[in-house]
Each structure stands twice: as C-alpha cells, then as structure tokens.
Amino acid sequence: MIMTIWALELKRGRNALLIWAASISLMIALCIVVYPEISAQMNDVSKLFSDMGGFSAAFGLDRIQFGEFIGFFSVECGNILGLGGTVFASLLGISMLSKEEKEKTAEFLLTHPISRKRIVAEKLCALFTQILILNAVVITVTATAVFIIQEQAPIDTLALLFLSHIIMQLEIASITFGISAFLRHGGQGIGLGTTITLYFFNIIANLTEQTAFLKYITPFHYTDGGNIIADKTLHWEYIAIGVLFAVIAVFAAFWKYHKKDIF
Amino acid sequence: MNAIRTEKLTKYYGNVRGIIDVCLSVNEGEFHGFIGPNGAGKSTTIRTLLGLIYPTSGQAEILGKDIRKQKHEILCDIGYLPSETVFYSGMSVGDIITLSAKLREKDCREEAAKLCRRFDLDTSKKIDELSLGNRKKVGIVCAMQHKPKLYIMDEPTSGLDPLMQHEFYDVLKERNEEGATVFLSSHILSEIQQYCKYATFIRNGKILKSEKIENLGHTEMKNITLKGIRALPSSKHIRNIKTEHDTVRFLYSGSTRELLTLLQQLQPQDLTISEPSLEEIFLHFYTEEEL
C-alpha cells in the first residue's frame, strides 16, 4: 500500500486544486501585468497611505513603497495569495477527515486493513502536497509575469514573501485539519470562519498596543509585506508559535481520529 | 476455533442503548444468520466487531484475535459488505474495485473479473450512474475478491433482484464449502431459513437465542387469516388469536394435515396463509419474561 490514500486524495481534490490555482495565479498575473501602466501613480498612493495613520497601519500599508514593484507586489499580490491561499487551505483542511463520514465513505475505507494513524498521516501528506502544488503554480506564473513586464524584483525578498505565505497556509491547513478530526458533517463554515477571524486578528493587532498580543496568534502577521521588505527576513519568533499551533493541531487530529467512533 | 466470539459486548451511544451484554459464538466454517428487527443492534454488533466503533465494555475476538489490539490482522481476513454501499463519487466501478484491492495490498484482478462476470457488472460505468442494486454488486465484489476467511454481510440482499440474490448466495455457499465462515445479518426470516445452518436472534440490543436452524422449528409456523369465522376451537397449536368482526387471525404451529381438518370443520369464506412476522416468531419462542 504505497500511499494509496494520498494518491486517492490528490485525485479527489484535483479539480478544486486546478480551479483555485488557476484563479489565484490569474489574479496575481493580472496585477503584475498592469503594474507598468500604473507605477507612475503609485508614489502618490504611498503618500496617501502614509497620511492615513492608524487605518494604513491596520492593513500594514504605512511602510510600503508602492512606487517600487516589490512594495506593490507585497500588498496586491500578498492579499490575493494571503486570502486565496488560506481560504483554499482551510476549506481543504476542514474537510479532509470529516468528509469520509459526511459522504458516508468511512465505512468503505476503514473496513480495509489500514490503521487510522496511517489514514491521518496520508491525508495530512495529501493536504500539504496540494498546498505546495498550488504555491508552485502561483510562483511559476508570478515569475513568468515578472519576466514579461521586465521589472526588477529582488528575488530574495520575493522568496521570503512566498515562503511566509506557504508557512501560513500550512499552519491554517494543520489547524483546520485538527478541527476536522472532531467533526462528522463537513464544517466549511468553521474552516472559513477560522481564516477570516485570523485575518481580522491581524488588522486589530495593528491598531493599538493593547491588542498587539494578537500578532502571536494570527499567522497573517508574519506574512506582512511591509515588515519582510523592511527587515529582509522573516520574524521567526511568530512563525515558531504558528508552527507550535500547527503541531498541536496535528497531534490532536491523530489522537481524536484514533479513538473516535466512526459512523 | 471460533470465527467470532464476543463476551458481554456492550455499546452505548451516550445514554442510548446500542447492544447490551452480547455473547455471540460463531464457529469457523459456519453459515450463520444474525436476525432481528430494525434497530435491534445487528449493525452495532457488526460495526463494533469491525472496529468502526469502540465497545463500552466487554470483549470480542475474531479468528482468535482481539478486536482492539489486532484490528489490522483481523481486517486482512474479513470481507465486509455494509447494508448501505457508498463509494467515492466520480470514480468508475473498476477504479473502486482496484482501490479496494490496493488497500489490501493484493492483486485480485483475476478473481474480481470472475465476480464481475457472475454479477453482470460493467466496470467502466461511473459509480454515480449506478442503481442501488448495482452499487450493492460493487460492494459484493470488493468484499469477495480477496477470498477472505470470514464474510460479514450486513443486510446483503437489499436492492438486489431475485436472480442476483440467488447468484450471491451461490457464491457465498461456494466460499463456505471451501472453508470460509459466513456471518450474515438480515431481518428477512426466509433468507436465513433458506441459507443458514445456524441463527442468532437479537432484539432490543440483547441476544435472545442462538440455535441450529433445524432446531428452531419455526418452519412449520404460519400466520393464518380466516374470513367468515367468529370463534376458533382451542388447540395447543393455535395462539395469538385476534378477532375483528367476522375475521380471525392466529398463529398456527401444527401439522398441515391437522390444519386442513380444522379448515374443513370451520368452512371459512376466505383464507390467507402467510409467513409469520419476526415479532410473531419471537413471541412464539419466548415468553414475555424472557423478552
């Protein structure tokens, strides 16, 4: 049984992955392609945002130079990949274990000689694989679009931006995967709600000092383009906490799925 | 050795009764029927044996292996057909059968092809296009293609046409003759009577009786309705008498000759003879205290 469930999951998720990868890539490519035309006006946009105080800070726009391609890319494309990627990851994660019971296929799967631990492990691999494939497509399309418009983009900063988004998607996928083990009937609302809540946590965290602790909870903080461009590194202390959340969620998934009654 | 042995197996869903103190014994090589009305606990017993749900208390062994500790080894030797066969949407019949074999790490292509021919199953069709009966056939092939030692079949013939039901039991009988054990749950008495050598009755989550079919003696029992009659003579073979206007219904467990004599005496306007319901069979076998 060489990763049969992993292969099955990739097959089952093929169409959704194709649609999400194409949609996100297309939107990012469109943003990149129109940049040369609007770049001249972008300095005014930077000034506008820098004058907006707390509002700009809430969205992490106060330190972004829209006149530079990397600044524009980190906000526009960052938002598309940030929201699109995490919504995809959360919907995929939340359904990964629960869909077997929801679609009544659990009885077929679990009456074959495969341990529940193996099922969880292969499904987790399939979840991560699909996220990595989505990002590989997005990165390829981004690179192609940047090459077409012949903009100078710092590769190392771009790589850090993409890396932070991949880590965030894997974190949210792991958290929703963990929740999925406790559900019997899908839970897409819970998956979507988790992502949206974490997104708003980041906005609230940027507003005042009192709410700054939320930066340690939401993974959207460590994908903040302004910080990554300015510091030329990722904030590993926030990432470490995110990885810890992900590990706890994955352990919870193994523990719960191993002991739960399957209907 | 016992193919299935349970000892005080109990399952509660929260406070809701599933099965209580189920003691079941099925010897290797038996063709064993598991019979009870809907909600009696047949599927709960089977699901517990297969490790889909965990028992609240009690012990169970399959082929001498503990259901909790040796689940993987047990499932290698079992062919299971659920009462409701559901497969992954979008896949073809062939894909599902191959997937089932892959999950067992076995090459079952030859046996699967034979079974598909016998059950007249088109492997190129999509699962979503299949009728209930054809989905059942896919389940049967998945349960049989690896030639397991123990067949656990939960309401196996629901949805199958009579011809396919016959073919299904033919294959099961062949496998049984080759040495496999068959454990078959059903609420259809005639099915159990016709094919099984042993039967276990379950009701309200408790085992009522486990017996050889030939010892049960219920084959002679009939449900009789007579029209144009208001009273019946007393007889040890007549019970459960229900009178409504000029119609009398009762359970008859005597010989056919005595029945014909009785009918000649009574001269009814109309007569219906049918198989008794399970409830009536249970009432025939057990007193209210035992139930």
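Keep in mind that this is a model prediction, so the values were computed, not measured. Reminder, nothing fancy here: chain letters follow the sequence lines and each chain counts from 1.
Using a 4.5 Å heavy-atom cut-off against chain A, the contacting residues of residues 46-60 of chain B are B/Arg47, B/Leu50, B/Gly51, B/Leu52, B/Ile53, B/Tyr54.
Looking only at side-chain heavy atoms (C-beta outward), A/Tyr257 and A/Ile262 come within less than 4.5 Å of each other.
With chain B as partner, the option from A/Lys11, A/Glu103, A/Arg12 having the largest number of non-hydrogen pairs under 4.5 angstrom is A/Arg12. Put simply, of B/Lys11, B/His146, B/Lys106, the one with the most heavy-atom pairs under 4.5 Å next to chain A is B/Lys11.
A/Thr223 and A/Ser164 share no donor-acceptor pair across their side chains, judged by distance under 3.5 Å alone. At a cut-off of 3.5 Å, with distance as the only test, a side-chain donor of A/His112 or B/Ser100 sits close to an acceptor on the other residue. For the residue pair B/Lys173 / B/Asn176, no side-chain donor-acceptor distance below 3.5 Å is found, with atom types taken as modelled.
If you measure heavy-atom distances from B/Thr85 to chain A, you find no contacts under 4.5 Å at all. For B/Glu84, the parts sitting under 4.5 Å from any heavy atom of chain A are the backbone and the side chain alike. Proximity to chain A (any heavy atom under 4.5 Å) is restricted, for B/Tyr80, to the side chain, taken from C-beta onward. With a threshold of 4.5 angstrom between heavy atoms, B/Ile96 approaches chain A through its backbone and through its side chain. Interface remark: B/Asp77 contributes no atoms to any contact with chain A (heavy atom separation under 4.5 Å).
A donor-acceptor pair is defined here as one N or O able to donate and one able to accept, closer than 3.5 Å; such a pair exists between the side chain of B/Thr6 and the backbone of B/Val22. At distances below 3.5 Å, at least one donor-acceptor pair connects side-chain atoms of B/Lys136 with backbone N or O atoms of B/Ser83. A donor-acceptor pair is defined here as one N or O able to donate and one able to accept, closer than 3.5 Å; such a pair exists between the side chain of B/Arg175 and the backbone of B/Met144.
A/Ala181 approaches A/Lys256 most closely through the heavy-atom pair O-CG, 3.5 Å.
Ring pair A/His221/A/Tyr238 is perpendicular by interplanar angle, where above 60° counts as perpendicular and below 30° as parallel.
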